[in-house]
Amino acid sequence: MVLKIYNTQARRKEVFIPLEKGKVKIYVCGVTPYDLSHVGHARSYVAFDVIRRVFEYLGYKVTYVQNFTDVDDKIIARAKKEGIDPLALSQRYIGEYFKDMDALGVKRADSYPCVSEKIPEIIHMVAALIEKGVAYEVDGDVYLDVSKKKDYGKLSAQPIEELKAGARIRLDEKKRSPLDFALWKKAKPDEISWPSPWGEGRPGWHIECSVMSMELLGSTLDIHGGGQDLIFPHHENEIAQSESYSGRPFVRYWLHNGLVTVEGQKMSKSLGNFITIRELLTRHDPHALRFFLLSAHYRHPLDFSERALEDANKGLKRIQTTIFNIKNAMTYASNKGDDSFRGKINSAKKDFLQALCDDFNIPGAIATLFTFTREINAYVAENPGKADLEDALEILRELTGVLGLSFKEEAPELVKGLIEEIIQIRVGFREKKDYEASDNIRERLLSLGISIEDRRQGTVWRFIVSSESQL
RNA sequence: GCCGAGGUGUCAGAGUGGCCUAUGUAUCCGGCUGCAGACCGGAUUACGGGAGUUCAAAUCUCCCCCUCGGCUCCA
């Protein structure tokens, strides 16, 4: 199946062709770890997690790199306020970041480089850029001379003249042009710094991504991802540095996820309208949050609301119930098979993949899953064949797995046995038509988080999904 | 000001010319059930406004209105 990807630079969907057959090299911009991550961060990393899983499912060997910007103004400011070492602060929040991402089911990257570990490599690249005549030093600061990069602005489609005229570019008398940006910043007193040919200082913001991605993935990446807010200037500047350095195209496909909004406004620290992942997980199932984050196309804005999250949770429960229904139906399934149902299994898989191959249309793929669950639930109520059920379960597991959703709810044998015993007692009451007693048992169990359902084929039970935080 | 993305039914959210006008959620009706729940079936409610192209437009063209994002740290 042909995979098409929307490339920000081309501003249209393109057929994906990797640099090396069967391999995909992905670099995604990571966080600046100075505080807990919010829903906006979660969205980006969940989206790229699924993108990565889709590549893996399609048989690609994926190498996935994500950085941590552990040297930065905000980290320095925060560490100063708390009276601790900036790198200790960032290490702490890197730990918190992993807790959140693990809860959300985000697979670990192959490598998580930090700025503080790559200083010699960064200095090497800055020096090389000066040597090539595309960067210049002024009193301990080093800037990239944007005028030397003829196609500057190609990613963000910004006409350079307009950028210069823009009222928001910060004035800095040391720069030759307002568009030039810092590769190396001279240290201020009492700031974390490293020795360099230009004196004590630290790296500028953009240079780290160029150094790390090229070191770990090579001078041309297949995929470079990040939030839409990074297109300009961050990614534009990465291109300028990297291509000036290597002389080769830096990135084949640029992918940018849409931003999370709250009542239509971008969720951000500075606006103060952010909700941390941590806080949300005290009230919601992490799977529900993940499912919600996947409910809109990754390139479109996603408006956060409790209602939307609840709706997503209800949809997710449908899939959980279907898996439960299949397992339950195994106990009374026959040995027959149903060709029409097998056809539905096959088309479910085909439709699901087709949606994902169209620029990772995850909401479209989820819609095919719901159609599939409806078909399964209808089949389960008929006279299902065991082999059909097994296949349906396997495919459903496989497809939800591509979205990073898992449905494990096995109880210990002892607990299972006890609940079965109680259900047998209740069955006795029902046979005697003592509904007061049987309803009472049902309510008592429900209050313990165990739901009882009387079906045509007998009484079934399950745990109702816990909304307890997993942290 | 410049650049970009959007406006779809109660809400969320796919769909970029016709085919079966997704899907979830909501509400209502029906089936199953002692009841409840889950599930199944059905119904309800759409394409920001206007004009145009076409046998045919949510989808293409033009004009207008509105929202959001980038141009400053940002996923």
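Excluded from the calculations below are hydrogen atoms, water molecules and symmetry mates; all remaining heavy atoms, backbone and side chain alike, are included. Since this is a predicted model, take the numbers as computed values, not measurements. Order of the sequence lines sets the chain letters (A, B, ...), proteins ahead of strands, with each chain counted from 1.
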key: B:A75 pyrimidine/purine six-ring stacking with A:Tyr45, under 5.5 Å and 30°   = no

request  = Hey, which sits more toward the 5' end of RNA chain B by its nearest nucleotide, A:Gly315 or A:Asn257?
outcome  = A:Gly315

5'-most by nearest nucleotide on RNA chain B - A:Ser295 or A:Arg456 = A:Ser295

key: Trace of the salt bridge (charged side-chain N to carboxylate O under 4.0 Å, His left out) decision for A:Lys349 with A:Asp351   = CA-CA 6 Å; A:Lys349 182 167 173 171; A:Asp351 295 347; over 6 Å; no

ask   = RNA chain B in dot-bracket, Watson-Crick or G-U pairs under 3.5 Å, [ ] crossing, | other strand?
value = (((((((...((.....[....)).((((((.......))))))...(((((..]....))))))))))))....

Distance, [atom1] atom - from [M] to [N], rounded to whole angstrom:
| N | M | atom1 | answer |
| --- | --- | --- | --- |
| B:A57 | B:G24 | P | 28 Å |
| B:A22 | B:A12 | C1' | 14 Å |
| B:G31 | B:A36 | C1' | 16 Å |
| B:G9 | B:U45 | P | 13 Å |

query = Do A:Glu208 and A:Pro203 have side chains that get closer than 4.5 Å, going by heavy atoms?
reply = no

request  = Give me the residues of residues 345-361 of chain A where at least one heavy atom lies under 4.0 Å from an atom of RNA chain B, by number, or none.
outcome  = A:Asn361

ask   = So what does A:Asn377 touch, heavy atoms closer than 4.0 Å: a base, only the sugar-phosphate, or nothing?
value = sugar-phosphate

inquiry  = Counting the atoms with a prime plus P, OP1 and OP2 as sugar-phosphate, which does A:Leu369 contact under 4.0 Å by heavy atoms, base, sugar-phosphate, or nothing?
reply    = nothing

Side-chain donor/acceptor of A:Asp454 to base of B:C35, under 3.5 Å = yes

inquiry  = Cation-pi check for A:Phe360 against A:Arg299: NZ or CZ below 6.0 Å from the six-membered ring centre and within 45 degrees of the axis, yes or no?
reply    = no

ask   = For A:Asp439 and A:Arg442, what are the C-alpha separation, side-chain angles and deciding distance, and is it a salt bridge (charged side-chain N to carboxylate O under 4.0 Å, His left out)?
value = CA-CA 5 Å; A:Asp439 287 357; A:Arg442 186 169 63 194; 3.5 Å; yes

